[in-house]
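Heads up: numbering here begins at 1 and tracks the sequence.
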Amino acid sequence: MGSASRAVSCLCCPCRCLACGLLSCLCSILISLLVTLGVLALVLYLIFRPHMIAATVDSASLATFTLSPTSSLAYNLTVAVTVRNPNKRVGLYYDNVEALAFYKAQRFGYDPIDAFYQGTQDSTQLKPEFHGQQLLQGDVTAAQFRQDQTDGNFAINVGLNAKLRVKVWAFKVRGPKARITCSLLVPAPGATNGATFQPTDCRVWF
Ligand SMILES: *[C@@H]1O[C@H](CO)[C@@H](O)[C@H](O)[C@H]1NC(C)=O
């Protein structure tokens with residue numbers, strides 16, 4: 001029996017293990033395992049992937065945002081983010097949720113957020129708050145800061161990270177890590193040019 005026909009018999013007669021010998025028995029078990037895993041992955045993919053979560057920043061405001069001559073940033077930023085689960089059959093648990101705030105690629109704010117559950121087609125509004133002081137690196141930042149101040153808007157990135165668990169029918173399965181990133185233009189505190197915040201869609205990564 002050639003190896004090609006043995007491979008075929010592996011695929012065709014997983015029940016006749018004894019007749020096919022130990023090697024093809026292992027082989028057929030392996031193949032059925034791979035096929036099962038593949039089908040399972042495909043089903044999960046089809047259920048989950050076509051409906052990514054969506055996130056929008058509804059509002060963002062800076063009560064304080066000043067840079068001292070020693071490059072210390074004093075900040076007070078409040079954000080309202082709506083996260084939506086568009087799936088009809090899948091509920092989502094959000095664990096280890098954290099919100100981060102960045103200015104010029106430097107993280108200045110961190111806010112842990114309570115874990116929560118989101119039923120099918122539910123929306124949840126999160127309100128991360130960032131306040132405190134943070135040292136910024138580099139001289140460029142100071143110049144860019146003055147420029148943003150003059151423009152009346154600060155370009156701030158807000159990120160949300162969470163570990164997902166997926167609830168399908170009665171089953172809870174470990175899901176992927178979700179990373180939500182939002183590029184915002186936030187009006188400077190007490191901006192006099194009438195700049196207002198425009199609701200902004202975020203990007204979602206798994
Ligand atoms: C930050 O600003 C908000 C809104 O103006 C205010 O309610 C809050 O007390 C401020 N937080 C701190 C720590 O100053």
_Tell me the closest heavy-atom pair linking Ala60 and Pro187, and the distance in Å._
O-CD, 4.4 Å
*Side chain of Gln106, backbone of Gln137: donor and acceptor closer than 3.5 Å?*
yes
_Residue pairs, two or more places apart or on separate chains, that pass side-chain hydrogen bond (donor to acceptor under 3.5 Å, both in side chains) and touch residues 155-167_ = Asp95-Arg165, Glu98-Asn161, Asn157-Ser183
*Can you list the steps and then say if Val81 with Leu160 is a side chain to side chain contact (heavy atoms under 4.5 Å, CB included)?*
CA-CA 9 Å; Val81 196; Leu160 283 168; 4.0 Å; yes
*Linking I/L/V/M/F/W/Y whenever any side-chain heavy atoms sit under 4.5 Å apart, do Val168 and Leu92 land together?*
yes
*asked:* Tell me which pairs pass salt bridge (charged side-chain N to carboxylate O under 4.0 Å, His left out) where either residue lies in residues 168-187, with sequence neighbours left out.
replied: none
*With sequence neighbours excluded, residues passing salt bridge (Lys or Arg N to Asp or Glu O under 4.0 Å) with Asp111*: none
*Go through the steps to decide whether Phe197 and Asp58 satisfy the test side chain to side chain contact (heavy atoms under 4.5 Å, CB included), and finish with yes or no.*
CA-CA 9 Å; Phe197 180 78; Asp58 310 313; over 6 Å; no
*Start with the C-alpha gap between Leu164 and Tyr94, add the side-chain angles, then the distance that decides, and say whether side chain to side chain contact (heavy atoms under 4.5 Å, CB included) holds.*
CA-CA 5 Å; Leu164 297 184; Tyr94 292 74; 3.6 Å; yes
*Thr124 and Gln118: side chain donor to acceptor below 3.5 Å*: yes
_Pairing donors with acceptors under 3.5 angstrom, does anything connect the side chains of Asp151 and Gln147?_
yes
Could you pull out every donor-acceptor pair under 3.5 Å between side chains of residues 199-206 and any protein atom, sequence neighbours left out?
{"unit_1": "Thr200", "atom_1": "OG1", "unit_2": "Gln198", "atom_2": "O", "d": "2.7"}
{"unit_1": "Asp201", "atom_1": "OD1", "unit_2": "Thr56", "atom_2": "OG1", "d": "3.0"}
{"unit_1": "Trp205", "atom_1": "NE1", "unit_2": "Thr181", "atom_2": "OG1", "d": "3.2"}

_Derivation of the side chain to side chain contact (heavy atoms under 4.5 Å, CB included) call for Tyr75 and Phe130_ = CA-CA 7 Å; Tyr75 58 92; Phe130 309 95; 3.9 Å; yes
*Could you pull out all residues at least two apart from Leu135 that satisfy side-chain contact (heavy atoms from CB on, under 4.5 Å)?*
Ser72
*Sequence neighbours excluded, which residues qualify as side-chain contact (heavy atoms from CB on, under 4.5 Å) partners of Ala142?*
Leu67, Arg146
*Centroid-centroid distance, Phe108 to Tyr103, less than 6.0 Å*: no
